[in-house]
Peer 1: 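For reference, the structure I am asking about is given below.
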Amino acid sequence: MGTSSMTIHIFDNEELVDEAAAGLIRGLLTRNPRAVLGLATGSTPVGIYRRLIRDHEAGLISFRHATTFNLDEYVGLPADHPASYHSFMREQLFDRVDLPPDASHLPNGAAADLEEECRRYEALLEAKGPIDLQILGIGNNGHIAFNEPAPELASGVHVVELAEATRQANARFFDRPEDVPKRAVTMGVGNILKARTILLVAKGRSKAEAVRRALKGPVTTACPASLLQLHPRVVVMLDREAGEGL
Ligand code: PGA
């Protein structure tokens, strides 16, 4: 490993991953009800969010004073589009906890001026950040948020062309594969690395190679997740299959 600051936990199954990840977030919100949470979409965090809803319903945690920032949003999808990440977050978390509507932030992928939207989101992160805990999944190709493998990576919020592999992996959320947007607004690696703590979560054998490259490979923009090796505080939670390459 590049640094000694990564803590890697491998659990027997994904339910245990979800419990541990939710436990970390519960602990943070208990210590600091005003925490700034960095949230992710995709299949990986769904079980974590389900447990946070359960904990909220049990009276164990409140989001009343929390602030959230999501990593990314598709370009061209209005917030109310069923496949938008706005919709995903409402369904999977926001509508089911007591987070005030004006405390959750996502990039607006339907903005008329996308460059201006990137500047707006960057400024908002700067004003309300730093993010205390950033939840991150990892793409099969080693991407984090929508930072795809490339010779160079942008540091700040930017518009990105999605990798074909990513569009295929995300086609399951759309009626037809060609409906998957070709671009997204995403936090850059610099935004992600500013989080105080990063919680990287991966499940399943399909992620094992990306996880191995991210944690054990060289630091390279060919595997954007490998840049996490430069961060002082990364907690990695894997199920057995995702950890197979370690
Ligand atoms: P997934 O996506 O959670 O749906 O596997 C993760 C990612 O692409 O970052």
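Counting starts at 1 for both ligands and their atoms, in listed order. Note that these values count all heavy atoms, side chains included, but never hydrogens, waters or copies made by symmetry.
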Peer 1: Return the residue, atom name and 0.1 Å-rounded distance of the protein heavy atom closest to atom 7 (C) of ligand 1.
Peer 2: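 Scanning the protein heavy atoms, the shortest distance from atom 7 (C) of ligand 1 goes to H143 NE2, 3.3 Å.
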
Peer 1: Only heavy atoms of R172, strictly under 4.0 Å: list the atoms of ligand 1 that pass.
Peer 2: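 Listed by number with element, the hits are 4 (O).
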
Peer 1: Is it true that K203 and E14 have a side-chain N and a carboxylate O under 4.0 angstrom from each other?
Peer 2: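 Salt bridge: yes.
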
Peer 1: Could you tell me which residues satisfy side-chain hydrogen bond (donor to acceptor under 3.5 Å, both in side chains) with K207, sequence neighbours excluded, listed by chain and number?
Peer 2: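 side-chain hydrogen bond (donor to acceptor under 3.5 Å, both in side chains) check on K207 returns nothing, list empty.
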
Peer 1: Heavy atom of K203 under 4.0 Å from ligand 1?
Peer 2: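 Heavy atoms of K203 never come under 4.0 Å of ligand 1.
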
Peer 1: Nearest to atom 6 (C) of ligand 1, what protein heavy atom do you find, and at what distance?
Peer 2: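 Minimum-distance protein heavy atom for atom 6 (C) of ligand 1 reads I138 O, 3.6 Å.
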
Peer 1: Under a 3.5 Å cutoff, is there a donor and acceptor pairing between the side chains of T166 and E148?
Peer 2: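 Looking only at side-chain atoms, E148 and T166 do form a donor-acceptor pair, the distance falling under 3.5 Å.
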
Peer 1: Y74 and F88: aromatic ring centres closer than 6.0 Å?
Peer 2: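 For Y74 and F88, the ring centres are not under 6.0 Å apart.
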
Peer 1: Of all the atoms in ligand 1, which lie at a distance below 4.0 Å from a heavy atom belonging to G42?
Peer 2: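 Numbered from 1, ligand 1 contributes 3 (O), 4 (O).
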
Peer 1: Against heavy atoms of G137, which atoms of ligand 1 measure under 4.0 Å?
Peer 2: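 Numbered from 1, ligand 1 contributes 9 (O).
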
Peer 1: Which of the atoms in ligand 1, numbered in the order shown and given with their element, are less than 4.0 Å from a heavy-atom of K207?
Peer 2: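 Listed by number with element: 1 (P), 5 (O), 6 (C).
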
Peer 1: Of the protein's non-hydrogen atoms, which lies at the shortest distance from atom 3 (O) of ligand 1, and what is that distance?
Peer 2: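 Atom 3 (O) of ligand 1 sits closest to the protein heavy atom T44 OG1, 2.4 Å.
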
Peer 1: Are K182 and E161 close enough for a salt bridge, meaning some N to O gap below 4.0 Å?
Peer 2: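 No salt bridge links K182 with E161.
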
Peer 1: Is it the case that T197 and R233 place a side-chain donor and acceptor less than 3.5 Å from each other?
Peer 2: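 Result is yes, a qualifying pair exists.
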
